[in-house]
Amino acid sequence: MPEPLVALLTGAVVAALCALGPAVVARLPEPELDVDATDKVPYAELAARPGLALKLAGVGALVGFATGWVLADDAILGAWVFLAAVGVVLGYVDAQTRLLPTRIIAPSYAVLVALILLAAAVDGDTDGLVHAGLGWLVFGGFYFVMWYVYPRGLGYGDVRLSGLLGLALGYLGWGPVLVGLYAGFLLGGIGGGLLSLLRIVDRKRYPFGPFMLAGSLVGLAWGAAVGSWYTGF
């Protein structure tokens, strides 16, 4: 199937899944908050915002189109379609609350692992499974260390999310893992700095999940090329 057609179909699928985002957010249980997070907007209020389904679908369409374009002929596309939809919803919630709900992330591990196993079976690629596991260790391990060293600077929800991203990027190889990891921190540093300067967020407490997700898209799009250039330099 031609890449543009795959990209269009993938964009439509991710958009449709993202349109269900408000229903998912509305069912999230409210977390127990510490004294520094008492200004959190309730999930039910987030889900009820006008036009939210359409906005999430629009972002999902763009992310899905890009994902389909890059992975048009790859069996791992199914896993990335799922991750794209989950990522858009998580990115919205984190941007509004500085929280990444475990109720969404935890079951996503089971679904993502199942889709990766399916892709490996279709591809006959056991190396991809090994790389996915190593990607989870490297990506998740790095974020765990960062959280352990300075927990006020990084939430544990970011650590949970990093494992999902490491699995998906790891299946594609070391280039996507390392580029996605670096790009997330680079975008977070630049984006967080700009948002702080504009007084949109507190420079000490801004959501990092959206930057992690954007960095993973960078790793997906250009990680293999950067990895090939670096090893062949």
Side-chain angles (χ1 to χ4, degrees), residues 28-29 31-37 40 76 79-80 82-84 86-117 120 127-193 195 201-220 223 226-227:
L28 291 173
E32 296 182 5
L33 302 175
D34 57 34
V35 293
D36 294 327
K40 178 194 170 296
I76 197 64
W80 274 90
F82 172 75
L83 183 59
V86 170
V88 170
V89 176
L90 285 174
Y92 168 69
V93 173
D94 194 28
Q96 301 299 317
T97 66
R98 298 189 300 276
L99 293 171
L100 289 163
T102 306
R103 185 65 65 91
I104 295 177
I105 294 177
S108 294
Y109 270 95
V111 177
L112 186 63
V113 168
L115 291 171
I116 289 175
L117 288 171
D127 287 343
L129 290 179
V130 174
H131 291 155
L134 292 174
W136 171 73
L137 284 173
V138 171
F139 218 99
F142 181 82
Y143 272 90
F144 177 81
V145 171
M146 294 291 291
W147 168 81
Y148 186 80
V149 171
Y150 186 54
R152 291 187 62 84
L154 194 71
Y156 200 77
D158 298 320
V159 179
R160 296 189 185 98
L161 175 60
S162 68
L164 287 176
L165 303 179
L167 282 168
L169 289 169
Y171 188 90
L172 301 175
W174 284 115
V177 169
L178 298 178
V179 171
L181 183 62
Y182 179 77
F185 275 93
L186 181 63
L187 293 172
I190 296 174
L195 292 175
V201 299
D202 184 339
R203 68 182 181 86
K204 294 183 178 179
R205 295 182 68 242
Y206 64 87
F208 199 69
F211 300 112
M212 294 171 63
L213 292 161
S216 294
L217 285 177
V218 174
L220 170 66
V226 171

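Heads up: numbering here begins at 1 and tracks the sequence.
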For residues [X] and [Y], determine if any side-chain heavy atom of one lies less than 4.5 Å from a side-chain heavy atom of the other.
X      : Y      : answer
Pro151 : Tyr156 : no
Pro101 : Leu90  : yes
Trp174 : Val138 : yes
Leu83  : Leu213 : no

Which residue is it: Trp147, Phe142, Trp136, Phe139? I am looking for the one with a side chain to side chain contact (heavy atoms under 4.5 Å, CB included) to Ser162.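 That would be Phe139.
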Hey, does the side chain of Asp94 reach the backbone of Gly91 with a donor-acceptor pair shorter than 3.5 angstrom?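 No: the side chain of Asp94 does not pair with the backbone of Gly91.
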Quick check for you: to the nearest 0.5 Å, what is the distance between [X] atom [atom1] and [Y] atom [atom2]?
X      : Y      : atom1 : atom2 : answer
Leu137 : Leu167 : CG    : CG    : 9.0 Å
Leu164 : Phe82  : CG    : CZ    : 7.5 Å
Leu134 : Tyr171 : CG    : OH    : 14.0 Å
Ile76  : Trp80  : CD1   : CH2   : 9.0 Å
Ser216 : Leu161 : OG    : CG    : 7.0 Å
Ile104 : Leu99  : CD1   : CG    : 11.0 Å

Quick one: closest heavy-atom pair of [X] and [Y], and the distance?
X      : Y      : answer
Pro31  : Lys40  : CD-CE, 3.9 Å
Ile116 : Ala168 : CD1-N, 4.4 Å
Ala95  : Pro207 : CA-CG, 3.8 Å

On the 0 to 90° scale, with breaks at 30° and 60°, tag the Tyr143-Phe208 ring pair as parallel, tilted or perpendicular.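 Judged by the thresholds at 30° and 60°, the geometry between Tyr143 and Phe208 is tilted.
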Which of parallel (below 30°), tilted (30 to 60°) and perpendicular (above 60°) describes Phe144 and Tyr148?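 Answer is parallel, since the angle falls under 30°.
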Checking Met212 against Asp158 for the side-chain contact (heavy atoms from CB on, under 4.5 Å) test, could you report, in this order, the C-alpha distance in whole Å, the side-chain angles of both residues, the deciding distance, and whether it holds? CA-CA 8 Å; Met212 294 171 63; Asp158 298 320; 3.8 Å; yes
Can Tyr182 and Leu178 be said to form a side-chain contact (heavy atoms from CB on, under 4.5 Å), step by step? CA-CA 6 Å; Tyr182 179 77; Leu178 298 178; over 6 Å; no
